[in-house]
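Just so you know, these numbers use all the heavy atoms, side chains as well, and skip hydrogens, waters and symmetry mates. Throughout, a chain's letter reflects where its sequence line sits, starting with A, and its residues are numbered from 1.
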There are 2 protein chains.
Amino acid sequence: MSIRRYYGWVSASSVRKTCAVAVDIVLLTVREGALQILLIDRGLSPQQGWPALPGGFVLDEDLPDAAERELKEETRIDPARLHLEQLQTYGAPSRDPRGRVISVAYLALAPGLPVPQAGTDATNARWEHAAAVLDGRVTLAFDHNAIVENGVERARSKLEYTTLATAFCQEEFTISELRRVYEIVWSTPVDARNFYRKVMSANFLVQTGRHTTRDGGRPAALFRLNEERASDLLYPAMLRPRLMPRS
Amino acid sequence: MSIRRYYGWVSASSVRKTCAVAVDIVLLTVREGALQILLIDRGLSPQQGWPALPGGFVLDEDLPDAAERELKEETRIDPARLHLEQLQTYGAPSRDPRGRVISVAYLALAPGLPVPQAGTDATNARWEHAAAVLDGRVTLAFDHNAIVENGVERARSKLEYTTLATAFCQEEFTISELRRVYEIVWSTPVDARNFYRKVMSANFLVQTGRHTTRDGGRPAALFRLNEERASDLLYPAMLRPRLMPRS
DNA sequence: CGAATAGTGTCTATAAGACATTATACT
DNA sequence: AGTATAATGTCTTATAGACACTATTCG
């Protein structure tokens with residue numbers, strides 16, 4: 001019990017604790033009208049055969065680089081149009097049966113993606129409905145269910161006050177498509193007319209001039225994210241409907 | 001380059017990377033009418049003599065426990081009335097000159113505290129104005145300036161939509177004292193009368209029945225946090241004044 | 001034409017923000 | 001009385017939310 005001085009391990013390396021450090025990625029996308037999450041099936045013990053989050057150990061690289069590398073290795077997903085942000089770090093001593101593993105969780109958002117190809121390591125990657133993980137119909141390895149809960153809640157709340165919903169859309173999108181992202185991620189209906197007015201007044205989209213009829217009906221104007229405002233907070237925020245505003 | 005399978009290191013431990021894992025704590029308090037942060041002076045190389053965040057290496061314990069233990073060891077601060085939440089994890093390979101150190105940063109908030117006693121390791125701990133760290137008048141060791149920036153911004157934004165401001169107050173406090181917390185943390189004036197109305201309608205305080213005249217003038221009612229709502233989101237939120245609402 | 005979706009307008013309730021006024025202590 | 005702070009009230013403007021209506025395509 002002599003590890004007193006901060007960073008004092010040059011002369012006290014006997015008590016310095018060392019851990020394996022991993023990244024785990026909650027990759028969310030909106031596909032087939034639902035919020036879906038990328039899962040892999042664990043090929044090795046422990047928890048062999050269980051579904052889990054993609055991820056792996058950190059090499060001699062920065063943490064976000066490790067997350068991108070693992071995604072690419074396991075699913076061949078192109079990290080170019082990928083929003084990536086750090087979620088939380090999980091380090092309970094008992095979270096991995098083999099010993100101390102610190103896991104830095106990342107949240108990744110992507111526009112609708114196809115079924116992932118097997119990665120270079122032939123891991124079986126697939127899309128699963130996020131709802132199935134959240135309500136326990138699908139049980140993941142380790143503490144990954146809790147990580148998913150955290151990630152989905154982060155995505156839900158960031159739709160309120162950032163431009164993050166556009167990360168689920170293609171480069172160009174209609175207001176309706178953006179609204180459907182909100183509805184699907186929040187799993188609550190959103191009034192199309194009020195949404196239109198609010199998203200316009202929040203002023204973070206720019207019109208491309210093009211139109212599309214891919215959703216049927218009257219041609220819809222196509223928009224893209226105003227990159228200059230991409231990191232701004234939305235004002236006013238797009239608050240999700242709150243049940244029982246005040247008790 | 002054969003670390004392919006996730007958690008596959010039982011049979012491939014030769015490529016498994018291991019890191020030192022530390023916690024660093026951004027402990028904020030409101031003292032003497034200012035937002036202040038707890039700093040220590042590094043006693044050992046590297047960066048000997050530089051101010052830094054309190055913290056240290058993680059032992060065989062969970063991460064929040066490590067943060068509490070380090071705070072207690074270095075400053076004898078009682079973690080009882082302490083809000084502690086995880087901030088972010090910093091893991092750039094070059095952030096520590098001696099090698100790979102992953103640091104899990106924590107944000108701690110406490111009501112006004114006295115000058116810290118030297119801890120068991122005789123580290124010189126002291127309060128510094130957070131503003132001096134933010135604007136670069138005080139340069140910290142490693143990447144600690146960036147961590148402080150992150151921590152202060154987290155505190156500022158959480159005052160908006162959570163009950164966190166009460167973590168800076170004593171058990172019982174007046175509306176004016178709570179308002180002064182908002183003003184100091186946001187460093188912006190807040191209209192006393194509108195604040196009063198909003199905090200009442202947000203409905204997260206309970207009146208204790210007692211009154212105080214410690215601030216002079218008419219006796220003020222004392223309140224405490226309604227514990228049942230402590231983890232709720234504030235509705236409506238206490239938004240800080242935004243300059244230039246919309247460009 | 002009807003069906004479908006895009007986009008605009010209108011009304012009401014609530015909340016934000018500016019600011020006046022009254023209340024109750026202390027010296 | 002005078003001063004200081006607490007607490008309440010009033011008015012204006014902005015935003016949220018409900019919902020009617022018009023516009024433009026397709027088949």
Side-chain angles (χ1 to χ4, degrees), chain A residues 33 159-161 169 172-183 186 188-224 233-247, chain B residues 33 159-161 169 172-183 186 188-224 233-247:
Chain A
L159 288 205
E160 295 194 279
Y161 55 91
C169 295
E172 299 194 350
F173 49 86
T174 69
I175 303 294
S176 283
E177 286 162 357
L178 187 65
R179 176 173 51 84
R180 247 159 275 149
V181 166
Y182 276 89
E183 294 185 318
W186 287 345
T188 182
V190 173
D191 183 274
R193 298 155 295 182
N194 293 334
F195 181 86
Y196 197 100
R197 180 166 34 83
K198 285 175 73 166
V199 87
M200 288 316 220
S201 87
N203 201 36
F204 64 100
L205 302 181
V206 289
Q207 206 157 352
T208 65
R210 277 181 289 283
H211 291 71
T212 182
T213 56
R214 61 189 176 217
D215 299 319
R218 172 175 169 180
L222 284 166
F223 294 81
R224 57 178 176 75
L233 292 184
L234 256 40
Y235 187 85
M238 313 276 298
L239 299 179
R240 51 187 146 168
R242 270 155 178 80
L243 358 162
M244 298 294 96
R246 59 179 71 179
S247 53
Chain B
L159 289 205
E160 295 196 279
Y161 56 90
C169 295
E172 298 194 351
F173 49 86
T174 69
I175 303 294
S176 284
E177 287 163 357
L178 187 65
R179 176 172 51 83
R180 245 159 276 149
V181 166
Y182 276 90
E183 293 186 318
W186 286 345
T188 182
V190 173
D191 183 274
R193 300 155 293 185
N194 292 334
F195 181 85
Y196 197 100
R197 181 166 36 81
K198 285 174 75 167
V199 86
M200 288 315 221
S201 88
N203 201 36
F204 64 99
L205 302 181
V206 289
Q207 207 158 350
T208 65
R210 279 181 288 282
H211 291 71
T212 183
T213 56
R214 62 189 176 218
D215 298 320
R218 171 176 170 180
L222 284 166
F223 294 80
R224 57 179 178 73
L233 291 184
L234 255 41
Y235 187 85
M238 313 277 297
L239 299 179
R240 51 187 146 168
R242 270 158 177 77
L243 1 161
M244 298 293 96
R246 59 178 72 181
S247 54

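Closest to the B/R179 side chain, of the nucleotides D/dA6, D/dG17, C/dA6, is D/dA6. Among D/dT8, C/dA6, C/dA15, the nucleotide with an atom closest to any side-chain atom of B/P236 is C/dA15. Of the candidates D/dA7, D/dC19, C/dA18, D/dA7 carries the atom nearest the B/A220 side chain, counting heavy atoms from C-beta on.
Between the C1' atom of C/dA16 and the CZ atom of B/R193 lies a distance of 14 Å, rounded to the nearest Å. Here C/dT5 presents its P atom at 8 Å from CZ of A/R180, a figure rounded to the nearest Å. Per the geometry, CG belonging to B/L239 stands 10 Å off P belonging to D/dA16, to the nearest Å.
Not a single donor-acceptor pair, N or O on each side, falls under 3.5 Å between the base of C/dG9 and the side chain of A/R197.
For the OP1/OP2 pair of D/dA16 and a distance below 4.0 Å, the side-chain nitrogens and oxygens of A/K198 include at least one atom meeting the criterion. Distances shown here put every side-chain N or O of A/Y196 at or beyond 4.0 Å from the OP1 or OP2 atom of C/dA6.
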Between the protein and nucleotides 23-27 of chain D, list every N/O to N/O distance that falls short of 3.5 Å.
from, atom 1, to, atom 2, distance (Å)
D/dA23, O4', A/R218, NH1, 3.3
D/dA23, N3, A/R218, NH1, 3.3

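With sequence neighbours excluded, the residues forming a ring pair (Phe, Tyr, Trp, His ring centres under 6.0 Å) with A/Y182 are A/W186, A/F195, listed by chain and number.
Distance check: B/E183 CD to B/R240 CZ gives 14.5 Å after rounding to the nearest 0.5 Å.
Taking five base pairs at each end of the helix from C/dC1-D/dG27 to C/dT27-D/dA1 and finding the rotation axis that steps the C1' atoms of four pairs onto the next four gives two axes whose angle is 0°, to the nearest 10°.
Salt bridge status for A/E160 with A/R242: present, with a side-chain N to carboxylate O gap under 4.0 Å.
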